Amino acid sequence: MRAAVIQFPGSNCDRDMAVALRDVMGADTSLVWHRESELSDGLDFIAIPGGFSYGDYLRSGAMAARSPVMQAVIAAAGRGVPVLGVCNGFQILTEAGLLPGALMRNAGIRFVCRKVRLKVENSQSIFTSHYDADEEITIPVAHHDGNFFADEATLDRIEGEGRVAFRYAEPVNGSARDIAGILNDAGNVLGMMPHPERMIEAMQGGSDGRRLFQGVMEGLIREIA
Amino acid sequence: MKSRIFVTLKNGVLDPQGKAIHHALEGLGFAGVSDVRAGRLIEIEHDENVSKADLEEMSRKLLANMVIENFEIESN
């Protein structure tokens, strides 16, 4: 199994993500610099990590979404390769048009950095198959721009299609309908503000993020078999 | 030539920054302010070959996020 973690100038969760992919998924994981315009064909999984790409200039994720590598990520997503964007990665996926909506400044203006409770809304996707629907899990957030916005019609559509993967189970950032993570229409792209890679073993204060990567691994193995 | 591109939030999109600025103005004792919306001004120096259509494309592709923002172009 081969995975790539995309690195932008200002990414800062890239190594944590690579550890999660190597340790939990056992994936042969490479770090790919954003100036690359191609990704290797045999890639099974792509992660866009958290951080502050380009110093959040213009809008969070705006510059990174226009990096050369993103054209390759968009093409891979179109072929069905699972793509996970966490935090700044989620912002980049919306700016790149792979996911609907936008992540705006937190309603309370402040940067929020703490563990939050999430409710698993969809337990059918490749990312969430190791969770139970309606299960409550704890994963940390660390962001300034996590306030998910989309127009009402878009919100109704993604809700109706079961594309809300995670919802906040407590007030965090003012997100529309408490949305913490959403899937694309094909279900192979997930963007989420909370950091599952920071919760993969007890030493980190919890391991609720571990099952996300286990689910992906099992889904990929089933696909290959 | 210089063009100024004003990027503003669409109607109906909540603006936490504008709200905070509004509160700060009230805190300074300025009365009578009913709402504040914060936007962004981008100034672009360019030659005469850059058309209005080019500036619009720049705005749509990068300068504004069309999900939440509108833009207006002022050239002189």
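Lettering follows sequence order; numbering is per chain, from 1. The shown structure was predicted, so the numbers you read here are calculated from the model rather than taken from an experiment.
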Which answer fits A/Asn106, side chain, backbone, both or neither, if we ask what part of it has an atom under 4.5 Å from a heavy atom of chain B?
backbone
Residue part contacting chain B, namely of A/Ala107, when any heavy atom lies under 4.5 Å:
backbone
Flag yes if more than 12 heavy atoms outside [X] fall under 6.0 Å of its [atom1] atom; otherwise flag no.
X        : atom1 : value
A/Glu38  : CD    : no
A/Glu159 : CD    : yes
B/Asp35  : CG    : yes
A/Arg177 : CZ    : yes
A/Arg35  : CZ    : no
A/Arg15  : CZ    : no
B/Asn49  : CG    : yes

Measuring from atom [atom1] of [X] to atom [atom2] of [Y], what distance do you get when rounded to the nearest 0.5 angstrom?
X        : Y       : atom1 : atom2 : answer
A/Arg105 : B/Lys19 : CZ    : NZ    : 14.5 Å
A/Asp151 : B/Lys10 : CG    : NZ    : 8.0 Å
A/Arg59  : B/Leu63 : CZ    : CG    : 8.0 Å

Answer key: most heavy-atom pairs under 4.5 Å with chain A among B/Ile68, B/Leu62, B/Val67 is B/Leu62
Which heavy-atom pair separates B/Pro16 from A/Ile109 by the least distance, and what is that distance?
O-CD1, 3.2 Å
Region of B/Leu14 that comes under 4.5 Å of a non-hydrogen atom in chain A:
backbone
Between B/Val7 and chain A, which part of the residue has a heavy atom less than 4.5 Å away: side chain, backbone, both or neither?
neither
Any side-chain heavy atom of B/Asp15 sitting closer than 4.5 Å to one from A/Met104?
no
